[in-house]
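Note: hydrogens, waters and symmetry copies are ignored here, and every other heavy atom, side chains too, is used.
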Amino acid sequence: MTTYEIKRRWHTVAEVAEMLGYGETKVRMAIISGDLKSVKDGKLRRILPQWVDEYVALKVAESEQEL
């Protein structure tokens, strides 16, 4: 019997909040502000892993500019 690992293609707002150590409200505000990309899937928002990486890179760049 062969087992397959399913790789997640996108994340929920709650999952991204957990990954970043944020609350869901902060993630939703990042989406509303346009800092974090997302797509609407029915009533829910979905976020690609690369978009999480882009958001983190943006925050790092902003932090470096403040120094």
Side-chain angles (χ1 to χ4, degrees):
M1 178 183 224
T2 304
T3 59
Y4 296 96
E5 181 180 333
I6 298 174
K7 184 176 179 182
R8 305 226 40 185
R9 304 298 260 175
W10 56 20
H11 302 291
T12 65
V13 169
E15 290 168 340
V16 171
E18 175 79 18
M19 281 188 265
L20 297 175
Y22 290 172
E24 288 185 41
T25 301
K26 186 166 182 174
V27 173
R28 291 184 193 284
M29 292 306 295
I31 291 168
I32 290 167
S33 72
D35 287 346
L36 178 59
K37 295 180 197 173
S38 71
V39 293
K40 191 153 184 174
D41 180 34
K43 294 181 179 181
L44 303 174
R45 286 274 165 194
R46 303 292 188 201
I47 303 154
L48 295 175
Q50 68 201 43
W51 293 343
V52 177
D53 294 340
E54 289 171 8
Y55 175 77
V56 170
L58 173 68
K59 291 296 157 188
V60 169
E62 287 176 356
S63 173
E64 289 174 348
Q65 287 178 357
E66 292 174 2
L67 296 176

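- Val13 and Val39 fall within a single hydrophobic cluster, where Ile, Leu, Val, Met, Phe, Trp and Tyr side chains are chained together by heavy-atom contacts under 4.5 Å.
- In this structure, Ile47 CD1 and Met19 CE are separated by 7.5 Å, a value rounded to the nearest 0.5 Å.
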Pairs under 3.5 angstrom only: tabulate donor-acceptor contacts from the side chains of residues 48-64 to other protein residues two or more places apart or in another chain.
unit_1	atom_1	unit_2	atom_2	d
Glu54	OE1	Lys37	NZ	3.3
Lys59	NZ	Glu62	OE1	3.0

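- Pairs of residues two or more places apart, or lying in two chains, that qualify as salt bridge (Lys or Arg N to Asp or Glu O under 4.0 Å) and include a residue from residues 3-13 are Arg8-Glu15.
- Every residue two or more places apart in sequence or in another chain was checked for a side-chain hydrogen bond (donor to acceptor under 3.5 Å, both in side chains) with Arg28, and none qualifies.
- By the salt bridge (Lys or Arg N to Asp or Glu O under 4.0 Å) test, Arg46 is found to be paired with Asp41, residues two or more places apart in sequence or in another chain being considered.
- Hydrophobic cluster membership for Ile32: Met29 (Ile, Leu, Val, Met, Phe, Trp, Tyr linked by side-chain heavy atoms under 4.5 Å, directly or transitively).
- Taking the side chain as every heavy atom from C-beta outward, Leu36 and Val27 approach each other to under 4.5 Å.
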